[in-house]
Amino acid sequence: CVIKKIHERTALSKALDHLLTLLEKKDPQNFFAWPVTDAIAPGYSKIISKPMDFSTMRQKVEDNEYGTLKDFSEDFQLMCENAMKYNHTDTVYFKASKKLLQAGQKILQSDKLGWLLQIAP
Ligand SMILES: CC(=O)c1cc(-c2ccccn2)c2ncccn12
C-alpha cells in the first residue's frame, strides 16, 4: 500500500544517508565531494560520459531516486571508476579512488547490511 511504500522509502533514504556519511569519511580530501569540472580537469566531460560525485548521490537519496541498495552502490562504483578512467595511475586522484572503492565496498558488502535489504529488496 502507498503508506507502507512511503514509510519503507523514508527508512531506505535514512539508511542510504547514513551509508553516504560513512563513505564520505573515506574521502578526507573531499576529492569526490562535488562534480569534477572541465576547469580543474581538462577534457573531463568528453572522457567521462556519466559523471558522479557524493553531492549528486546525496541529492538522489533525498529525491528518493534509489529504489535499492544496489542502485546506490552502482553510483558509488561509477564515481570511483570515473576517477580511475580519467586520472593516470600516478596521480593522487587515481590512488585515492582505488582506496575509496576498496573501503566503500567493505562498507556496502558487510553482512551487517542484511537488515537494510529487508526494506529494500
Ligand atoms: C575525482 C577527480 O577525478 C578529481 C577531483 C579533483 C579535485 C577535487 C577537489 C579539488 C581539486 N581537485 C580533481 N582535480 C583534477 C583532476 C581530477 N580530479
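Predicted model only: the values in this text are computed from it and were never measured. Counting starts at 1 for both ligands and their atoms, following the listed order.
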Determine whether Glu81 and Lys85 satisfy the following criterion, salt bridge (charged side-chain N to carboxylate O under 4.0 Å, His left out), listing intermediate values before the conclusion. CA-CA 6 Å; Glu81 285 170 354; Lys85 181 177 181 194; over 6 Å; no

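- Put simply, the side chain of Asn82 gets close to the backbone of Lys50: a donor and an acceptor are under 3.5 Å apart.
- For atom 1 (C) of ligand 1, the closest non-hydrogen atom on the protein side is Phe31 O, 3.6 Å.
- In terms of N/O distances under 3.5 Å, ligand 1 is not approached by Tyr44.
- In terms of protein heavy atoms, atom 9 (C) of ligand 1 is closest to Asn30 O, 4.1 Å.
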Step by step, would you call Phe94 with His88 a side-chain contact (heavy atoms from CB on, under 4.5 Å)? CA-CA 6 Å; Phe94 183 98; His88 295 297; over 6 Å; no

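- In this pair, Phe76 and Phe54 present their aromatic rings parallel. The plane angle is below 30°, not in the 30 to 60° band.
- How far NZ of Lys26 is from CD of Gln102: 12.0 Å, rounded to the nearest 0.5 Å.
- In this structure, atom 7 (C) of ligand 1 has protein heavy atoms in its sub-4.0 angstrom surroundings.
- Looking from atom 2 (C) of ligand 1 to the surrounding protein, the closest heavy atom is Val36 CG2, 3.6 Å.
- With a 4.0 Å cut-off on non-hydrogen atoms, Ile40 touches ligand 1 through its backbone as well as its side chain.
- Closest protein heavy atom to atom 12 (N) of ligand 1: Tyr93 OH, 3.3 Å.
- Contact annotation: for Phe32 versus ligand 1, heavy atoms closer than 4.0 Å belong to the side chain alone.
- The ligand atoms of ligand 1 that sit less than 4.0 angstrom from a heavy atom of Ala41 are 16 (C).
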Any chance you could lay out the side-chain contact (heavy atoms from CB on, under 4.5 Å) test for Leu16 and Leu69, step after step, and finish with the verdict? CA-CA 8 Å; Leu16 294 182; Leu69 173 64; 4.0 Å; yes

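- Rounding to the nearest 0.5 Å gives a distance of 8.0 Å between CD of Gln109 and OG of Ser73.
- Heavy atoms of Asn87 found under 4.0 angstrom from ligand 1 belong exclusively to the side chain.
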